[in-house]
Participant: 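First the structure, which I've put down as structure tokens, then a few questions once you've had a look.
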Amino acid sequence: MKPKYYITTPIYYVNDQPHIGHAYTTLACDVLARFKRLDGYDVMFLTGTDEHGQKVEKAAEAAGIDPQSFTDKVSVTFREMAEVMGISNDAFIRTTEERHKRACQALWQKLLDAGDIYLGGYEGWYAVRDEAFYDEGELIPGPNGSKLAPTGAAVEWVVEPSYFFRLSAWQDRLLAYYEANPDFILPPSRRNEVLGFVKGGLKDLSVSRASFKWGVPVPNDPDHVMYVWLDALTNYITAAGYPDETAENWRFWPADLHMVGKDILRFHTVFWPAFLMSAGIAPPKRVFAHGWWLIEGEKMSKSIGNVIAPRDLVAQFGLDPVRFFLLREVPFGNDGDFQRKALISRMNVELANDLGNLAQRSLSLIAKNCAGVLPAQGALTEEDTAILAAASALPQTLRTLLDRQNFHEALEEVWKVIRAGNGFIDRQAPWSLKKTDLARMADVLRVLADVLRTVATLLQPVMPTSMAKMLDQLGVPEDARDIAALATPLPGGIALPAPAGVFPRFVEEGA
RNA sequence: GGCGGCGUAGCUCAGCGGUAGAGCAGGGGAAUCAUAAUCCCUUGGUCGGUGGUUCAAAUCCGCCCGCCGCUACCA
């Protein structure tokens, strides 16, 4: 039986239009999902939209439509974003689906049965004008020693009835879980943050609201809807079939990886495992928090007007180069800077020159000097063996690196082999061999074809369309494109199609 | 304020006790199969500052300077 792999993006809040940040998270998951499939795993890759809450309720009201119609519309834009980015998700979940309400209510009941939910009061400084609660620390001094919201609005101490989750009781068990699973939170710097936070003591968590209606009703208390934590996080088990633990998809739980942005780290690494443990459900195996993209050195924001829509980016540079750039440019987990110049440089240097040109020169030599037929494997020299060994080592290297979400180094390892390929072809100079030793020339070209096949196979998750073209040109049959197939050499004598460039150079308009 | 991290070549970063590294950028040369792509060689750093531990410190410890993250109800 195939091993399983369950990977999730966060569900995206429908208060926002999809931008490069959403695309980035989803893309990272897509590459891992594709890699795992390529490596023989049974994969479930989930993404979706988060559609409840006061903001949505109000946005719908402002738009003059009911919340459901509003979310129907915005949710579609996230499906479109996935399509534009070439995302291979197996499922898409919306929190307004009936199955999700059932899952939330079932989970709630479990927590209640476990004695971890109680009715209390949510207190805080509330600004009526802003319709928002503020922290003590956020307040600014007002006239006569009074306090004001950071927006300048008057605040009052308000107590609202709310259900609470007994998070305070889970501190030790959470710490024990982190201890027993040192890679539960990555990167390590984020793990340290969470550890520090939890060690500092946990307060009970307000998990319901009576102040708005657009949410999942609390069982047996129609005045309350569930607050964001319980509602949104639960999507990950809803999609696996919860509460039906005999469901087809339940075999995927616990999730192998929740990919999240660094802003929602705590919800996934503190609240979520506590909820699950309280309900007697296994926590996820890993949460990875990635960083943000700056745009040409500036924070991405609507007010600056530098928000990048995935659709525009792909239209200008093409899908695969964009996918490649986002994962290649920055050590995954760090913040990155999205520079147009850097993207073009990666396209031209690494895709067009290093990889594209290596394939093109190798394949043209085969086309011209081997009658367009893949040579059989021949006798190997020491240098042949060395480069073939470097290529053969890649699958295991990538498994190890990608199991820690290290896209940046994984791609660097592939590029080391590509660069070695260019060095190899230069030293072997098959264009000279064709005048002196045709047999050796054929052997050299076959070695190059084998190296390219390995590289193209392994890069499929990052650049599916381009690598499919390259594998076509290398004569690799569709059913021999996974990692296991690399162990079986292609027979010599396959007729190859005429080579055609896979990565054209990007030339600036008017340059 | 508290806790944590970072500061290494022009740029992005790796190294984390044993004579300073990679990619890109810059300079020189070779080759001409190829998307004028490639290959080889090379310039360049008192590893933020300072004091200490050690036979030996980017690498460990103290202090200082500068940046950054977290410090719970933002979906």
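All chains are named by letter (A, B, ...) in the order of the sequence lines, taking the proteins before the strands, and each is independently numbered beginning at 1. Fair warning: this is a prediction, and the values are worked out from it, not measured in the lab.
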Participant: Is the closest basic N to carboxylate O distance between A:K262 and A:D335 below 4.0 Å?
Facilitator: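 A salt bridge is present here (some side-chain N lies under 4.0 Å from a carboxylate O).
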Participant: Report the C-alpha separation of A:E409 and A:K416 in whole Å, then their side-chain angles, then the decisive distance to 0.1 Å, and conclude whether the salt bridge (charged side-chain N to carboxylate O under 4.0 Å, His left out) test is met.
Facilitator: CA-CA 10 Å; A:E409 277 186 47; A:K416 278 182 187 164; over 6 Å; no
Participant: Below the 4.0 Å mark, does B:rU71 have OP1 or OP2 next to a side-chain nitrogen or oxygen of A:R266?
Facilitator: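 Yes, because at least one side-chain N or O of A:R266 sits under 4.0 Å from OP1 or OP2 of B:rU71.
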Participant: A:A500 or A:F424: which one's nearest nucleotide on RNA chain B is closer to the 5' end?
Facilitator: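 Looking at RNA chain B, the more 5' nearest nucleotide goes with A:A500.
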Participant: Looking at A:Y122, does the NZ or CZ of A:R209 lie under 6.0 angstrom from its six-membered ring centre and within 45 degrees of the ring axis?
Facilitator: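 Yes, A:R209 and A:Y122 form such a contact.
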Participant: OP1 or OP2 of B:rA34 less than 4.0 angstrom from a side-chain nitrogen or oxygen of A:K368, does that happen here?
Facilitator: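 Checking B:rA34 against A:K368, a side-chain N or O does come within under 4.0 Å of OP1 or OP2.
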Participant: Can B:rA58 be described as syn, meaning its chi torsion is within 90° of 0, or is it anti?
Facilitator: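 Syn, since the glycosidic angle lies within 90° of 0.
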Participant: Is any side-chain nitrogen or oxygen of A:R505 closer than 4.0 Å to OP1 or OP2 of B:rA37?
Facilitator: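 The answer is yes; a side-chain N or O of A:R505 sits under 4.0 Å from OP1 or OP2.
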Participant: By a strict heavy-atom criterion of less than 4.0 Å, which residues belonging to residues 351-358 of chain A are in contact with RNA chain B?
Facilitator: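 Hits under 4.0 Å, by residue number: A:A352, A:N353, A:D354, A:G356, A:N357.
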Participant: Please compare A:E329 and A:E193 by the position of their nearest nucleotide in RNA chain B and report the one closer to 5'.
Facilitator: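 Looking at RNA chain B, the more 5' nearest nucleotide goes with A:E329.
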Participant: Could you label the plane-to-plane angle of the A:Y163 and A:W108 rings as parallel, tilted or perpendicular, counting under 30° as parallel and over 60° as perpendicular?
Facilitator: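 Rings of A:Y163 and A:W108: perpendicular, over 60°.
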Participant: How does RNA chain B look in dot-bracket notation if pairs are Watson-Crick or G-U with both distances under 3.5 Å, crossing ones as [ ], other-strand ones as |?
Facilitator: ((((((((.[[[[.)..(..]]]].(((((.......))))).....[[[[[..)....]]]]])))))))....
